[in-house]
Asker: 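Below is the structure I would like to discuss, written out as structure tokens.
Predicted, not measured: the structure shown is a model, and the values here were computed from it.
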Amino acid sequence: MTRPPWSATLHRRAPALATALAVVLVAGCDLTDPGPVPDAIEVEPTTITFDALGAQQRLDPRLLDTQGAEIPDPAFEFESSDPGVATVSPGGQVIARGNGTTEIRVRSRGITGVVPVVIEQSGATLGLLSGRDQAREIGQSLDPVRFQLTDPRGNPAEGIPLIGEVTSGGGWLEADTILTDAEGRGSFTWTLGPEVGTGHSLRVRVAMERSTPTGETAVTVTARARPGSPATLDLLTPDEISGHRGLPLPEPVRARVLNVFDEPIEGARVRVHIAGRSTTTLESDADGGVAAEWPLNQSLEPQTLRMVVLDGLDGGELERQVRATPFSTPERLVSVTTPASSDPPGTELPPLGVRLLDRAELPMADTELRFEVTSGVGRFIATPDGTSASAVTDGVGEARSPAFRLPDAPGVTRVDARVPGTEVSVEFVLTAQLPVDRIEVVSGDGQSAIEGQILGEPITVEVLGESGLPLEGIPVRFSAERGGVEFPLVISDEGGRATTRWRLGWGTGPETVWAEADSVVRAITAQALPFSEGDPGVHTPRDLDPSTHRIELVFGDAVPAAARPILQAAADRWSRAITGDLPPIFLNLHAEACANDLPLLGTVDDLMIFVQVQEIDGVGGTAAYAGPCVIRSAGAFPVVGLTVFDAADLDQMMDEELLHDVALHEFAHALGFGTIWSLKGLLRNPVESSDPSVDTHFSGFAAREAFEAIGGTAYTDGNPVPVENEFGGLGTLNGHWRWSVFGSEVMTGFISPGTSPLSTVTLASFVDLGYQVDLTEADLFSLSFADYLALRRGEPATGHEGGIELGDDLYRGPVLVVGPEGEVLGELRGDPPGTPPRP
């Protein structure tokens, strides 16, 4: 092996020792025949070289006579000149004890042989003891990076040079070469260079001439350089902006934290103070960025937000302020006066009153409104032409027209109240009519049908005046004892007739609808028959507290009887959690709405969900999908939803007792979880395909506070609350909590065997959607981050083996938008880019 320069003296001696003959000649004379005369000792091997402590070699000596023949059965003695380097056993076994040179002397019958021994350890395995994955600011020294070197037999290798080289990052070492100590250890002092980030590496190797090629003799260590202390807060948002009062700004206020070299700093603390509202502390991301959500208050006065970097350099520009000028946009007009359904011709009516609300549902003052007669011959009193008038809203957003006089002849006058130049309006229907004498039933009386179903024949009544004359333009109000009617208010036609349809309520026996016009009432009766399993549209009515959010399930005939109580229990859980009641709304929609073959006819309070079992995509894949298919224009609250379970997966869900949790998950989508986030402006940075580098998150304040309360303060990979950006495909991305963070929580894209808790974060997200929520209905749940941390380390994470991967479970069909009276105002589609709608 090649010798290092510092062993030159040893190796100059080694050849002399190696070539010395281990033979000693002895001469003598005797007048008698003494037998063979010992002449020399020959030893194999003639020299020994060890590269590891504890290595052994047996000596094989032979005693020769003067003729060179071997003398049989001699006795040998062995001795080491330096037992600290090598020892020898009585049987000639040489054992390496320490680095150096020695001689083994072999004696027999006065003859001595010498075997030179050289012990020079080599490094076989280099191990890192400490100093892995350190982080310091640029230009700072790390804790010593410590190594241990062992020889081929695992003993500490002393005195062997280790060579260090900084291979990236621009740093340097205090010494490039070190010698291992008696324990085989050595350390390097490494100072980081000017490059920020993880691109710093140090390679340490054993000097080539002192290494054994069979071992690991080189190690690479990496480190991360932080950019240093904050010196500048760079405001990325204009310092003068505007936004709608009472609502969050469309985009957060953004800034970057930089060091003295204008490089971004990750993890810097920035305190955000919204004047008169709140103070929070954010941490900058990998790009040095912070983003502060700013919900403006209800005032129209200028508002300010101030950002201050904590722990920054003295004298740096570490504070920025943004000034917001609020504005108010008209959104809707509501009537605050209710004229009688009809009055005698020539009646003088009191002023018509309205209230103007903006996008934040706040009253708008000092706004001009226009009242205008759009049809009929009634007139405003004390106005130039009688057909129009102006008014200005007061401090509570209300305005009133001048008094109004009905025409002298029977008829209907329509008055439009409007914000000029906008579509924001409300209509008054004013009827001048002669007194009603009686109401006659033309058709629909005395029918029967299964409870909860629509009667086959419409209800038609005729409004008659004195002498039996039909009265046109009379408002006829229909009201049901149970169930609901298609049109609660109908204006009689020229024949005095008014028609509606009737959906029976739940329960058997006689039911009644009353038709009322001008204080005259007529009853129409029907008989509700009991239903049996398999009747279309059959569901079980629930006797819930009226203050709760009532959820009515309408089961398709393919839903097994054994599954229905399980599904109803999941719906009841949501009815207990969501406590706010919404106004009932009457719907009369076509049979294709909600991908359903039954028409939507009747009053809904608060949410109706059609539950179906269909073939979707076979075993696996999409186990179910759900979402709203009819929403209210006010607040975008779902009023009708659809949940479809895959017939191929239903048995597994029931056998593994997963159906309740899957239903709880899908009904949440029908209520708006993940399906109306974008409508509410609560989904930030959505992804179009799996991309874990995108910070997709839910920005609602209530959910963020709940996230932090269950351990979310330890989450550092982006803004709370993290939304799925990697697993599950298009139907899971952007619409569920991030599985790597939330694990078994019920609103990730996976339902696991065992418990799937309903967390306070999920319930709080419904607060952000505008619901009233009882947070005590949440299950006990906290964040452990086990899988999250495993994924960050690049390890395979576990947690959703078995169970159900929900797959593409967001309903993508058309969504109808209806007004407060059930009128269809428009249609939305929620298809992800490039995906066809479901049939």
Asker: Can you tell me how far CD of Glu708 sits from OG1 of Thr280, rounded to the nearest 0.5 angstrom?
Answerer: 8.5 Å
Asker: Donor-acceptor pair, distance only, cut-off 3.5 Å: does the side chain of Thr222 make one with the backbone of His200?
Answerer: no
Asker: If you compare all heavy atoms of Arg245 against all heavy atoms of Pro326, which two are closest, and at what distance to 0.1 Å?
Answerer: CB-CB, 4.0 Å
Asker: Is there a donor-acceptor contact under 3.5 Å from the side chain of Arg738 to the main chain of Val723?
Answerer: yes
Asker: Which pair of heavy atoms, one from His244 and one from Ala360, lies closest together, and at what distance?
Answerer: CE1-N, 3.8 Å
Asker: If we ignore hydrogens and angles and just use 3.5 Å, is the side chain of Ser744 paired with the main-chain N or O of Ser756 as donor and acceptor?
Answerer: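 Answer holds: no.
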Asker: Would you call His736 and His669 a side-chain contact if the rule is heavy atoms closer than 4.5 Å?
Answerer: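 Side-chain contact under 4.5 Å: yes.
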Asker: Using only atom types and a distance under 3.5 Å, with no angle test, would you say the side chain of Gln148 pairs donor to acceptor with the backbone of Glu183?
Answerer: yes
Asker: Can you name the salt bridge (Lys or Arg N to Asp or Glu O under 4.0 Å) partners of Arg254, sequence neighbours left out?
Answerer: Glu251
Asker: Donor-acceptor pair, Ser284 side chain versus Gly267 backbone, under 3.5 Å?
Answerer: yes
Asker: Strictly below 4.0 Å, N to O, side chains only: are Arg271 and Glu319 in salt-bridge contact?
Answerer: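 Salt bridge between Arg271 and Glu319, a charged N being under 4.0 Å from a carboxylate O: no.
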Asker: Going from CZ on Arg132 to OG on Ser130, what distance comes out if it is rounded to the nearest 0.5 angstrom?
Answerer: 10.5 Å
Asker: Would Thr232 and Asp234 count as a side-chain hydrogen bond (donor to acceptor under 3.5 Å, both in side chains) if you check the C-alpha gap in whole Å, the side-chain angles of each, and the deciding distance to 0.1 Å?
Answerer: CA-CA 6 Å; Thr232 304; Asp234 183 18; over 6 Å; no
Asker: So do Ile138 and Leu192 actually touch side chain to side chain, heavy atoms under 4.5 Å?
Answerer: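 SC-SC contact between Leu192 and Ile138 ruled out.
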Asker: Measure the shortest side-chain to side-chain distance between Phe727 and Thr748 over non-hydrogen atoms and say whether it is less than 4.5 angstrom.
Answerer: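 Not in contact.
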Asker: How many angstroms lie between OG1 in Thr191 and CG in Leu142, if you round to the nearest 0.5 Å?
Answerer: 7.5 Å
Asker: Could you list all the side chain to side chain donor-acceptor pair (under 3.5 Å) pairs where at least one residue sits in residues 152-172, not counting sequence neighbours?
Answerer: Asp151-Asn155, Thr167-Ser201, Ser168-Ser201
Asker: For Phe742 and Val721, what are the C-alpha separation, side-chain angles and deciding distance, and is it a side-chain contact (heavy atoms from CB on, under 4.5 Å)?
Answerer: CA-CA 10 Å; Phe742 279 85; Val721 176; 3.6 Å; yes
Asker: Can you confirm if the aromatic rings of Trp737 and Phe707 lie within a centre distance of less than 6.0 Å?
Answerer: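 No: the rings miss the under 6.0 Å criterion.
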Asker: Between Asp768 and Arg704, is there a side-chain heavy-atom distance shorter than 4.5 Å?
Answerer: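 Not in contact.
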Asker: Could you check Val272 against Thr281 for side-chain contact (heavy atoms from CB on, under 4.5 Å), going step by step and ending with a plain yes or no?
Answerer: CA-CA 6 Å; Val272 180; Thr281 300; over 6 Å; no
Asker: Looking only at atom types and distance, does a side-chain atom of Gln121 sit under 3.5 Å from a main-chain N or O of Pro156, one as donor and one as acceptor?
Answerer: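 A pair under 3.5 Å: yes.
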Asker: My understanding is that only residues two or more places apart in sequence, or in another chain, count here; which of them pass side-chain hydrogen bond (donor to acceptor under 3.5 Å, both in side chains) with Ser242?
Answerer: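 Here no residue qualifies.
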Asker: Is Arg269 paired with Glu283 through a side-chain N to carboxylate O contact shorter than 4.0 Å?
Answerer: no
Asker: Distance from Ser690 atom OG to Glu724 atom CD, nearest 0.5 Å?
Answerer: 8.0 Å
Asker: Quick one: closest heavy-atom pair of Leu282 and Ala291, and the distance?
Answerer: CD1-O, 3.5 Å
Asker: Atom CD of residue position Gln140 - does it have more than 12 heavy atoms of other residues, nucleotides or ligands inside 6.0 Å?
Answerer: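 Above 12, so yes.
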Asker: Could you tell me whether the side chain of Thr49 reaches within less than 4.5 Å of the side chain of Glu120, counting heavy atoms only?
Answerer: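 A side-chain contact is absent here, since even the closest heavy-atom pair is not under 4.5 Å.
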Asker: Quick check: closest heavy atoms across Phe147 and Val221, and the distance to 0.1 Å?
Answerer: CZ-CG2, 4.1 Å
Asker: Evaluate the side-chain contact (heavy atoms from CB on, under 4.5 Å) criterion for residues Val290 and Met307: first the C-alpha distance (whole Å), next the side-chain angles of each, then the deciding distance (0.1 Å), finally the verdict.
Answerer: CA-CA 10 Å; Val290 291; Met307 288 185 169; 4.3 Å; yes
Asker: Which residues satisfy the side-chain hydrogen bond (donor to acceptor under 3.5 Å, both in side chains) test with Asp695, sequence neighbours excluded?
Answerer: Asn719
Asker: Only counting residues at least two apart or in another chain, list the ones meeting side chain to side chain contact (heavy atoms under 4.5 Å, CB included) with Leu235.
Answerer: Asp239, Val253, Ala255, Arg320, Val322
Asker: Could you pull out the closest heavy-atom pair between Ala778 and Ser759, with the gap in Å?
Answerer: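 Looks like CB-C, 3.8 Å.
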Asker: For residues Ala124 and Thr217, report the shortest heavy-atom separation together with the two atoms involved.
Answerer: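 Distance-wise, the nearest heavy atoms are O-CG2, 3.5 Å.
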Asker: Rounded to the nearest 0.5 Å, how far does CG of Leu179 lie from CD1 of Ile160?
Answerer: 9.5 Å
Asker: Does Asn297 offer a backbone N or O that forms a donor-acceptor pair with the side chain of Gln303 under 3.5 Å?
Answerer: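 Yes, because the side chain of Gln303 sits within donor-acceptor range (under 3.5 Å) of the backbone of Asn297.
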Asker: Taking the side chain as everything from C-beta on, heavy atoms only, tell me whether Met747 gets closer than 4.5 Å to His665.
Answerer: yes
Asker: Once side-chain hydrogen bond (donor to acceptor under 3.5 Å, both in side chains) is applied, do any residues pair with Trp190, and if so which ones, sequence neighbours excluded?
Answerer: none
Asker: Between the side chains of Glu745 and Thr762, does any donor sit under 3.5 Å from an acceptor?
Answerer: yes
Asker: Do Leu683 and Phe698 touch side chain to side chain, with heavy atoms closer than 4.5 Å?
Answerer: no
Asker: For Val687, is there any backbone N or O sitting under 3.5 Å from a side-chain donor or acceptor partner on Asn734?
Answerer: yes
Asker: What I'd like to find out is whether the side chain of Phe701 reaches to under 4.5 Å of the side chain of Val767, using heavy atoms alone.
Answerer: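 Counting from C-beta outward, Phe701 and Val767 never come under 4.5 Å.
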Asker: Distance from Ile265 atom CD1 to Asp285 atom CG, nearest 0.5 Å?
Answerer: 12.5 Å
Asker: How far apart are the C-alpha atoms of Thr325 and Ile241, what are their side-chain angles, what is the distance that settles it, and do they pass the side-chain contact (heavy atoms from CB on, under 4.5 Å) test?
Answerer: CA-CA 6 Å; Thr325 302; Ile241 57 178; over 6 Å; no
Asker: Do other residues, nucleotides or ligands put more than 12 heavy atoms under 6.0 Å from the CD atom of Gln321?
Answerer: yes
Asker: Could you go through the side-chain hydrogen bond (donor to acceptor under 3.5 Å, both in side chains) check for Asn725 and His697 one step at a time?
Answerer: CA-CA 9 Å; Asn725 60 358; His697 64 282; over 6 Å; no
